[in-house]
Engineer: 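Take a look at this one; I'll ask things after.
Order of the sequence lines fixes the chain letters, A, B, ..., with proteins taken first and strands second; residue numbering starts at 1 for each chain.
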Amino acid sequence: QVQLQQSGAELVKPGSSVKISCKASGYTFTSYDMHWIKQQPGNGLEWIGWIYPGNGNTKYNQKFNGKATLTADKSSSTAYMQLSSLTSEDSAVYFCARGNYVYFDYWGQGVMVTVSS
Amino acid sequence: DIQMTQSPASLSASLGETVTIECRASEDIYNGLAWYQQKPGKSPQLLIYNANSLHTGVPSRFSGSGSGTQYSLKINSLQSEDVASYFCQQYYDYPYTFGAGTKLELK
């Protein structure tokens, strides 16, 4: 069965960076886009972008250009998202989700990132 | 960006009741719409894609309809396990955008 296992919660300082992971299993990792979505309490869901692990192609929401960097490691079937220059506005839960064509059919459990000094 | 306006923001209904959640797009999204269910502390789960196609394993009491800019999710015969938040999402154009969500509670 398809599973997306994300890394654990992060407490990070303002101005720093964090890299979170999403390990895929149960399907061919290189055949589907991996999307990343941000959820802040009361602020709904925001799409950050996708990476196609087959060739490393990426597409970002312009709002997250310079903030998020998506990468993927085919050898370990793991997708990564690095968030840089962190501020309190980046405190949120971040999900990875498999893209089936354009909708998201399987989601990771989410990673809570807290930015605090 | 395409704005997705979802209504109502919250909804209280009784077991066995039929509920409808609406989503309006700021422009025509040509059925490029999905609905997700999110239970507290959990990740969203896909219910409906392409506006009216039921995702594998989703109970048939869930259905989607609509076209153009107006879409709806209907839940027939509400069950206790349907208590959750529901989100619509358009994938017709970048950036993909979500509705603000509808919180469904039992009366």
Engineer: Given the rule that I, L, V, M, F, W and Y join up when any side-chain heavy atoms are under 4.5 Å apart, are L47(B) and I75(B) in one cluster?
Structural biologist: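 The answer is yes; both residues are in one hydrophobic cluster.
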Engineer: Who are the side-chain contact (heavy atoms from CB on, under 4.5 Å) partners of S75(A), not counting sequence neighbours?
Structural biologist: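 Result, side-chain contact (heavy atoms from CB on, under 4.5 Å) vs S75(A): D73(A).
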Engineer: Which one of P44(B), A34(B), G99(B) has the most heavy-atom pairs closer than 4.5 Å to chain A?
Structural biologist: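 Maximum pair count with chain A is reached by P44(B).
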Engineer: Is F64(A) reachable from V18(A) through a run of hydrophobic residues whose side-chain heavy atoms are each under 4.5 Å from the next?
Structural biologist: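 Cluster IDs for V18(A) and F64(A) match.
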Engineer: Which donor-acceptor pairs sit under 3.5 Å apart between chain A and chain B?
Structural biologist:
| unit_1 | atom_1 | unit_2 | atom_2 | d |
| --- | --- | --- | --- | --- |
| Q39(A) | OE1 | Q38(B) | NE2 | 2.9 |
| Q39(A) | NE2 | Q38(B) | OE1 | 2.9 |
| W50(A) | NE1 | Y94(B) | OH | 2.7 |
| F104(A) | N | Y36(B) | OH | 3.0 |
| G108(A) | O | S43(B) | OG | 3.3 |

Engineer: Is there a chain of hydrophobic side chains (I, L, V, M, F, W, Y, each step under 4.5 Å between heavy atoms) that links L70(A) to V93(A)?
Structural biologist: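 No: no chain of side-chain contacts under 4.5 Å links L70(A) to V93(A).
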Engineer: Given side chains that start at C-beta, do those of L46(B) and F104(A) come closer than 4.5 Å, heavy atoms only?
Structural biologist: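 With C-beta onward as the side chain, the pair stays apart.
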Engineer: Taking a hydrophobic cluster as the set of Ile, Leu, Val, Met, Phe, Trp and Tyr residues connected by side-chain heavy atoms closer than 4.5 Å, whether directly or through intermediates, do L86(A) and V111(A) fall within one such cluster?
Structural biologist: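 Yes, same cluster.
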Engineer: Tell me whether I2(B) shares a hydrophobic cluster with I37(A), the cluster being built from Ile, Leu, Val, Met, Phe, Trp, Tyr side chains joined at under 4.5 Å.
Structural biologist: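 No, no single cluster joins them.
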